[in-house]
K.L.:
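Got a structure for you, written out below as structure tokens; questions coming shortly.
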Number of protein chains: 2
Amino acid sequence: MLSITCKTAIKATIYLASKLESEQKASIKEIAEYIDASEHTVGKMLQTLVKENIIKSAKGPSGGFFITASQTQLSVLKIVLAIDGEDRFNECGLGLSKCSSTHPCPIHNDYKIIRDGFKKICVENKIADLSVPFNKGVAFLMG
Amino acid sequence: MLSITCKTAIKATIYLASKLESEQKASIKEIAEYIDASEHTVGKMLQTLVKENIIKSAKGPSGGFFITASQTQLSVLKIVLAIDGEDRFNECGLGLSKCSSTHPCPIHNDYKIIRDGFKKICVENKIADLSVPFNKGVAFLMG
DNA sequence: ACAATAAAAGTATTTAAATACTTTTATTGT
DNA sequence: ACAATAAAAGTATTTAAATACTTTTATTGT
């Protein structure tokens, strides 16, 4: 449903949100280790999130990536749109190209419910909703 | 949700099912043209479907691919499993690796509903259900 | 028997996503 | 000022999926 990079982005963002209270910044290395992903992939992807104003970054010593309280109120959808784009929610489940509401394929309505349901999850869950303070454990983030 | 090849497989199978009544076989070329896909891709993929007994083939002049009445009673799931494999229905929506029913991530249950819903569509829809006799038009199959 | 046809099968290339590497820029603390 | 740090940015490689090409095998009709 989502690309690997997009899932990595969600994990990284949740990790940053879990550190919100501690006010600590996290380096690429730290994030990559925590979510068990490649440093290079994580670095590139974090740049995109910064550009889209989903997280913030600071260069130099004691720099790193972090998220603000207001940014944790953004929906998960924002991350998905930033990394995977909007098309993710507009495909026919069976790939029937001419499928649309005016010319529906046999499972059009069944699938629309599923697709819209997934989008709803992304819209209704804020980044903060998926995070728990660091001390409560974010074990489910680790591979 | 499904790979391009898997969607192509579904389209091709529906096309064959739409020709069931006419008892005509279809060549790779004909199928590829109809569903607007590459002949090579379609050829390879049809081989897989034949091996998995989802469709049948005949070599030689007046040969080609076809589907039997009993095969049209197979579920769409069979095609998905043959091409994409079972893993397609076992991933956490957000890629949270340690996510499971005993250790659920925050959206585990919401997403499970979605994922299971999609699988249900694949299980409950027979190939025959997605097909209409050729003369009724299969316009939605074309790109 | 033989030519024609069409799938089967094997191999090669292309493409896009993911991953890896290198250089540059900005910031900090001394 | 300068050394150290860490992200930003640019480029290169790897990987897997998709697509392309070639040869072989089976079947049919003459």
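Below, all heavy atoms of this structure are taken into account, side chains as well, without hydrogens, waters or symmetry copies. A, B, ... follow the sequence lines: proteins, then strands. Residue 1 opens every chain.
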K.L.:
Would you name the heavy atoms of A:A12 and A:L46 that are closest together and state the gap between them?
P.N.:
CB-CD2, 4.2 Å

K.L.:
Side chain to side chain contact (heavy atoms under 4.5 Å, CB included) with A:T72: which of A:L20, A:D129, A:I55?
P.N.:
A:L20

K.L.:
If you take all heavy atoms of B:C6 and B:D84, which pair is closest and at what distance?
P.N.:
CB-OD2, 3.3 Å

K.L.:
Between A:E30 and A:S27, does any side-chain donor sit less than 3.5 Å from a side-chain acceptor?
P.N.:
no

K.L.:
Does B:A26 reach a base, just sugar-phosphate, or nothing at all? Heavy atoms under 4.0 Å.
P.N.:
sugar-phosphate

K.L.:
What residues in residues 39-64 of chain B put a non-hydrogen atom under 4.0 Å from any atom of DNA chain D?
P.N.:
B:H40, B:T41, B:K59, B:G60, B:P61

K.L.:
Here's a test of your reading of the structure: between B:S27 and A:S3, which maps to the more 5' nucleotide of DNA chain C?
P.N.:
B:S27

K.L.:
Do A:I54 and A:I127 come close enough that some side-chain heavy atom pair is under 4.5 Å?
P.N.:
yes

K.L.:
Kindly say whether B:A128 contributes a backbone atom to a donor-acceptor pair with the side chain of B:Q73 at under 3.5 angstrom?
P.N.:
no

K.L.:
A side-chain contact here means heavy atoms from C-beta on lying under 4.5 Å apart; do B:F118 and B:L2 qualify?
P.N.:
yes

K.L.:
As an exercise, state the distance from OG of A:S57 to NZ of A:K25, rounded to the nearest 0.5 Å.
P.N.:
10.0 Å

K.L.:
Could you give the start and end, 5' to 3', of the contact zone on DNA chain D for chain B, using atoms under 4.0 Å from its heavy atoms?
P.N.:
D:dA18 to D:dT28

K.L.:
On DNA chain C, check which nucleotide each of A:S38 and B:K29 is closest to and give me the residue with the more 5' one.
P.N.:
B:K29

K.L.:
Just to be sure I follow the notation: if a pair is Watson-Crick (purine N1 to pyrimidine N3 plus N6-O4 or O6-N4) or a G-U wobble (N1-O2 and O6-N3), each under 3.5 Å, what dot-bracket string does DNA chain C give, with | for pairs to another strand?
P.N.:
||||||||||||||||||||||||||||||

K.L.:
Between B:E39 and B:I28, is there a donor-acceptor pair closer than 3.5 Å when you use the side chain of the first and the backbone of the second?
P.N.:
no

K.L.:
For the atom pair CD (A:E52) and CD1 (A:I83), what is the distance rounded to the nearest 0.5 Å?
P.N.:
8.0 Å

